[in-house]
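Numbered from 1 within each chain, the chains take letters A, B, ... in sequence-line order. Every heavy atom of this structure was used, including side-chain atoms; hydrogens, water molecules and symmetry mates were not.
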Protein chains: 2
Amino acid sequence: MLQLDNQACFALYALSREIINHYRPLLDEIDLTYPQYLALMVLWECQPQTVNQLGERLRLDSGTLTPLLKRLEQKKLIIRTRRSSDERVVEITLTQSGKELKNAALEIPVKVMQSMNVTMEELSELRIIAQKLLEKSGRGCLSATTTD
Amino acid sequence: MLQLDNQACFALYALSREIINHYRPLLDEIDLTYPQYLALMVLWECQPQTVNQLGERLRLDSGTLTPLLKRLEQKKLIIRTRRSSDERVVEITLTQSGKELKNAALEIPVKVMQSMNVTMEELSELRIIAQKLLEKSGRGCLSATTTD
DNA sequence: CATTATTATATTGTGCGCAATATATTATCT
DNA sequence: AGATAATATATTGCGCACAATATAATAATG
């Protein structure tokens, strides 16, 4: 009985890496890692956002985001500026090429679905359960669309 | 439509990390990381195993496993020995304390379920879909029980 | 039997992910 | 206003993941 739930956690862990591995060759073409791609997706939705807001959305802390965002800045995809009214917060803004990269990224998810040989229905089923468990166990800020 | 499947991948990625974060305080008590715990679980099932066999089961390569296994060896939980009949392969054997650690680890999954506030049914549902997608997209060596 | 190819693991380098800590700024409270 | 607390980000250190490469041993071939 105990083993069974272990396998559930492991299956999730393995599948998560498997999907990212399918993203990799496609993201390589636009010189992004999967976490960098996620950060840009959040910014494509709503912009500018603070590091804190990005972190809540992605469930990542500044120890992860700061270097990641610096790499995106080096690639001239975003700009990091301290808010003049509160010098503690760093606001992330997309550059023109950062905005334009969205067009190249749009087709990636379909290609991943094809390369993984999975259907929209399977993905939806998985997403719904995953989001339900995220809401139960964590703060549940996934479907919150915190794009104030 | 494209956003939807992105969120499926992200939900999985976020949930995977969330679960591991729930494991962390429990695994801290027995001085293990989650990947180290997984490696030991495979060894508790079947022992000894080569690095290659462990890697297939965990879907991890030697670049990840070699340092991980060296840490487990430093903790006196396993022993790494080169097979005399073929000096290329490294066989992993549990030490006595490595075997005994299973007892302390047995109760962890139930505690994780409780701390995440999820049911066995939800986990099973998730595991079944995840394993199905893993089989479709990858080599599908999850339910293979490759414990020769 | 020597050469080549294959196999198994190790090494190196990059980028997360997260805990712990540090730093700097702003808000709060006498 | 000055001391204290709270907030937002940055830094450091460790352990994965994975690609690329290296090393060593075995198998296959002529």
Side-chain angles (χ1 to χ4, degrees), chain A residues 10 13-29 31-40 48-75 78 80-92 138, chain B residues 10 13-25 27-28 31-40 48-75 78 80-92 138:
Chain A
F10 170 62
Y13 160 77
L15 181 57
S16 175
R17 288 188 289 116
E18 177 78 8
I19 295 180
I20 293 175
N21 286 340
H22 280 267
Y23 266 99
R24 201 181 313 278
L26 302 169
L27 288 174
D28 278 349
E29 293 178 15
D31 191 29
L32 288 181
T33 65
Y34 184 70
Q36 289 167 10
Y37 166 76
L38 288 180
L40 287 178
Q49 290 201 48
T50 69
V51 174
N52 210 3
Q53 289 171 323
L54 278 172
E56 284 203 5
R57 200 92 163 77
L58 299 172
R59 293 164 175 266
L60 293 171
D61 69 358
S62 69
T64 301
L65 283 178
T66 297
L68 185 154
L69 294 170
K70 283 184 177 175
R71 278 175 218 118
L72 289 181
E73 191 177 37
Q74 281 179 352
K75 295 176 191 173
I78 64 168
R80 296 161 67 249
T81 41
R82 294 211 170 257
R83 181 182 291 172
S84 55
S85 62
D86 186 343
E87 291 282 346
R88 290 171 304 181
V89 340
V90 172
E91 300 205 318
I92 310 297
Chain B
F10 170 62
Y13 161 77
L15 181 57
S16 174
R17 288 188 290 115
E18 177 79 7
I19 296 179
I20 293 175
N21 287 339
H22 281 267
Y23 266 100
R24 200 181 314 277
L27 288 174
D28 277 349
D31 191 30
L32 288 180
T33 66
Y34 184 69
Q36 288 168 10
Y37 166 76
L38 288 180
L40 286 179
Q49 290 202 46
T50 69
V51 174
N52 210 4
Q53 290 171 323
L54 277 172
E56 283 202 4
R57 199 90 164 78
L58 299 172
R59 294 163 174 266
L60 293 171
D61 68 358
S62 71
T64 301
L65 283 179
T66 297
L68 186 153
L69 294 171
K70 283 184 176 174
R71 279 173 217 117
L72 288 182
E73 190 176 39
Q74 281 180 352
K75 296 177 191 175
I78 64 167
R80 297 161 65 251
T81 42
R82 294 211 171 259
R83 181 183 291 173
S84 55
S85 62
D86 186 343
E87 291 282 347
R88 291 171 304 180
V89 342
V90 171
E91 300 204 318
I92 310 298

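- Whole-Å rounding puts the A:Leu38 CG to C:dG15 P distance at 17 Å.
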List the steps and the verdict of side chain to side chain contact (heavy atoms under 4.5 Å, CB included) for B:Ile92 and B:Val51.
CA-CA 7 Å; B:Ile92 310 298; B:Val51 174; 4.3 Å; yes
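- With sequence neighbours excluded, the residues satisfying side-chain hydrogen bond (donor to acceptor under 3.5 Å, both in side chains) with A:Arg83 are A:Glu91.
- Rounding to whole angstrom units, CD of residue A:Glu73 and C1' of D:dT9 are separated by 14 Å.
- With hydrogens and angles ignored, the 3.5 Å screen pairs no side-chain donor or acceptor of B:Asn52 with any backbone N or O of B:Gly55.
- In this entry the distance linking CD1 of B:Ile19 with C1' of C:dC18 reads 17 Å, nearest Å.
- The minimum heavy-atom distance linking A:Ser62 with A:Pro67 is given by the pair O-CD, 3.9 Å.
- Separating the CD atom of B:Glu56 from the P atom of C:dT9 is a distance of 10 Å, rounded to the nearest angstrom.
- Taking the six-membered ring where tryptophan is involved, the planes of A:Tyr34 and B:Tyr13 are perpendicular, since the angle between them exceeds 60° and thus also 30°.
- Rounded to an integer number of Å, the gap from B:Leu27 CG to C:dC18 P is 14 Å.
- For A:Tyr37 against A:Leu32, the heavy-atom pair with the smallest separation is CA-CD1, 4.2 Å.
- Spacing between atom CD of B:Gln74 and atom P of D:dC14 amounts to 12 Å, rounded to whole angstrom units.
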Treating primed atoms plus P, OP1 and OP2 as sugar-phosphate and everything else as base, which nucleotides of nucleotides 15-21 of chain D get B, S or - for protein heavy atoms under 4.0 Å?
SSBBB--
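- B:Leu68 and B:Gln36 make their closest contact through CG-CG, 3.8 Å (heavy atoms, listed as atom of the first residue, atom of the second, distance).
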Between the protein and nucleotides 22-29 of chain D, are there any N/O to N/O pairs under 3.5 Å, and if so, what are the atom names and distances?
| residue | atom | partner | partner atom | Å |
| --- | --- | --- | --- | --- |
| D:dT26 | OP1 | B:Glu87 | N | 3.1 |

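- Taking atom NZ of residue A:Lys70 and atom P of nucleotide C:dT14, one finds them 17 Å apart after rounding to whole Å.
- The interatomic distance linking A:Leu54 (CG) with C:dG17 (C1') rounds to 16 Å, in whole Å.
- Smallest separation of non-hydrogen atoms from B:Arg80 and B:Glu73: N-OE2, 3.1 Å.
- A donor-acceptor pair is defined here as one N or O able to donate and one able to accept, closer than 3.5 Å; such a pair exists between the side chain of A:Asp61 and the backbone of A:Thr64.
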